[in-house]
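It should be emphasised that the depicted structure is a prediction, and the values quoted were computed from it without experimental measurement.
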Amino acid sequence: MSETLSVTIPPAAPPHRLSVVVPMYNEAENVEPLVKRVHEALDAYPHAWELVLVDDGSSDGTPAELVRVARHYGPHVRIVSLMRNFKQTAAMQAGVDAARGDVIVTMDGDLQNDPIDIPRMVARLLNEDLDLVAGWRKNRKDAMVMRKIPSRIANRLIARITGVKLNDYGCSLKAFRADVIKNVRLYGEMHRFIPAWLATVTTPRRIAEEVVSHHARQFGQSKYGISRTFRVILDLISVFFFMRYRARPGHFFGGIGLGMGVIGMLILTWLAGLKLFTGAAIGGRPLLLLGFFCIVGAIQFISTGVLAETLARIYFESGAAAQYRVRNPDNPADNESWHKPGQAAA
């Protein structure tokens, strides 16, 4: 990656304010280069912007570096410090919640995403009236076995199950309309599934993909390994459930319960007929146990469906609790601490 970025001027976009959100965990060596590259890419940006850096409970020198760099560049570089390591998804949610822009861009803090792509992605988002432009690391600079292969498998699984066809779900470089992404709450490892979650509040036709640059990691160590694949599979099951049954979980559990109940009733009716009309002994037949447990299972699934419907109503009426805790929240006035067009870099 070169020291000086060659900035390509994208087509003019409508007036807006931009928030760039970057979660960071134990990335002390990357803090200053990252902030410098963001400024190189956006110093000539014709609209107001801010940089929101989220410290996800780092245990190295990242917090001190964030404070030092933010003081050097000015108040448009804001820090959100989480009280402990809540993982990337919660850190990204904290940054989105703190962002004040009309457009929100998320990216990794390891210098593998390139901020030079931000103006082009934002221009496409606004000019084409989209809700999300997701980055596609077409020429990905990562290890084949530990990163590329698991990612390809995960991308195909997610696209097949969710119906949102993208080539790269795992790229953190994404541009959103703020009023859309703020309607989505992220949990677990759900940052990978943001396009699928967005499809629950907007149409997939307003989701697009843009080829972006990708660089090999220069400093620090990757926080992800092959074990993340298994967590992604578990989260994918949750995504499948919530996309189809989030507002009607009783239909999911009730459907299974009714199916088991029908099977159980058919088995028991057949056995009762054998007993009444032929006098055959049915007490020792495995089918009797199977029919009995199908009825019991049906009652349990239907009861679970009723409880799930009740919980869903409570959820939608009361809202979700925050999945992170912020230390010393930073709430500047809405008209302050923005990097304005023509403002000189520090």
Ring-face cation of R84 near F86 (centre distance under 6.0 Å, axis angle within 45°)
yes
Kindly give the heavy-atom pair with the smallest separation between [X] and [Y], and that separation in Å.
X   : Y    : value
A94 : V80  : CB-CG1, 4.4 Å
D97 : R185 : OD1-NH1, 3.2 Å
V52 : A98  : CG1-CB, 4.4 Å

Any chance the rings of H16 and Y45 have centres within less than 6.0 Å?
yes
Restricting to ring-ring contact (aromatic ring centres under 6.0 Å, His included), what partner residues turn up for F252, sequence neighbours left out?
F241, Y245
Return the set of residues passing ring-ring contact (aromatic ring centres under 6.0 Å, His included) with H251 (not counting sequence neighbours), or none when no residue passes.
none
So [Y] and [X], do their side chains get closer than 4.5 Å, heavy atoms only?
X    : Y    : answer
P195 : Y169 : yes
V54  : L82  : yes
L53  : L34  : yes
L288 : F292 : no
I116 : E40  : no
P115 : L42  : no
C294 : L290 : yes
R78  : R100 : yes

Does either side chain, that of [X] or that of [Y], offer a donor lying less than 3.5 Å from an acceptor on the other one?
X    : Y    : answer
N113 : H215 : no
N30  : D110 : no
H76  : W338 : no

Taking it one step at a time, do L289 and F293 satisfy side chain to side chain contact (heavy atoms under 4.5 Å, CB included)?
CA-CA 6 Å; L289 286 177; F293 282 116; 4.2 Å; yes
Within a reach of under 6.0 Å around [atom1] of [X], are more than 12 heavy atoms found that belong to other residues, nucleotides or ligands?
X    : atom1 : answer
K138 : NZ    : no
R71  : CZ    : no
E32  : CD    : no

Side-chain donor-acceptor pairs under 3.5 Å in residues 297-309, sequence neighbours left out?
residue : atom : partner : partner atom : Å
S303    : OG   : I299    : O            : 2.8
T304    : OG1  : Q300    : O            : 2.8
E309    : OE2  : G250    : N            : 2.8

Using the side-chain contact (heavy atoms from CB on, under 4.5 Å) definition, which of the options L126, V212, L132, V105 pairs with M121?
V212
Would you check if the side chain of [X] reaches a backbone N or O of [Y] as a donor-acceptor pair within less than 3.5 Å?
X    : Y    : value
D129 : L125 : no
E50  : V20  : no
T106 : S172 : yes

Is it true that D114 and R137 have a side-chain N and a carboxylate O under 4.0 angstrom from each other?
no
Whether R177 and D102 form a salt bridge (side-chain N of Lys/Arg under 4.0 Å from carboxylate O of Asp/Glu) is what I want to check.
no
Pairs where residues 58-67 contributes a residue and the test side chain to side chain donor-acceptor pair (under 3.5 Å) is met, not counting sequence neighbours
N26-S59, D55-S58, D60-T62, E65-R68
Apart from W136 itself, which Ile, Leu, Val, Met, Phe, Trp or Tyr residues share its cluster (side-chain heavy atoms under 4.5 Å, direct or through members)?
V211
Nearest-0.5 Å distance that lies between atom NZ in K174 and atom CG in L198:
10.0 Å
Can you tell me how far apart CD1 (I207) and CZ (F176) are? Round to the nearest 0.5 Å.
9.5 Å
Any chance you could lay out the side chain to side chain contact (heavy atoms under 4.5 Å, CB included) test for M24 and D56, step after step, and finish with the verdict?
CA-CA 6 Å; M24 306 191 81; D56 186 20; over 6 Å; no
For side chain to side chain contact (heavy atoms under 4.5 Å, CB included), just list the numbers for L51 and H339, CA-CA rounded to whole Å, side-chain angles, deciding distance to a tenth of an Å, and then say yes or no.
CA-CA 9 Å; L51 176 60; H339 188 284; over 6 Å; no
Would you give me the side-chain donor-acceptor pairs under 3.5 Å for residues 266-282, sequence neighbours excluded?
residue : atom : partner : partner atom : Å
T269    : OG1  : M265    : O            : 2.6
T278    : OG1  : L274    : O            : 2.4
T278    : OG1  : A280    : N            : 3.3

Start with the C-alpha gap between V22 and D108, add the side-chain angles, then the distance that decides, and say whether side chain to side chain contact (heavy atoms under 4.5 Å, CB included) holds.
CA-CA 6 Å; V22 187; D108 280 333; over 6 Å; no
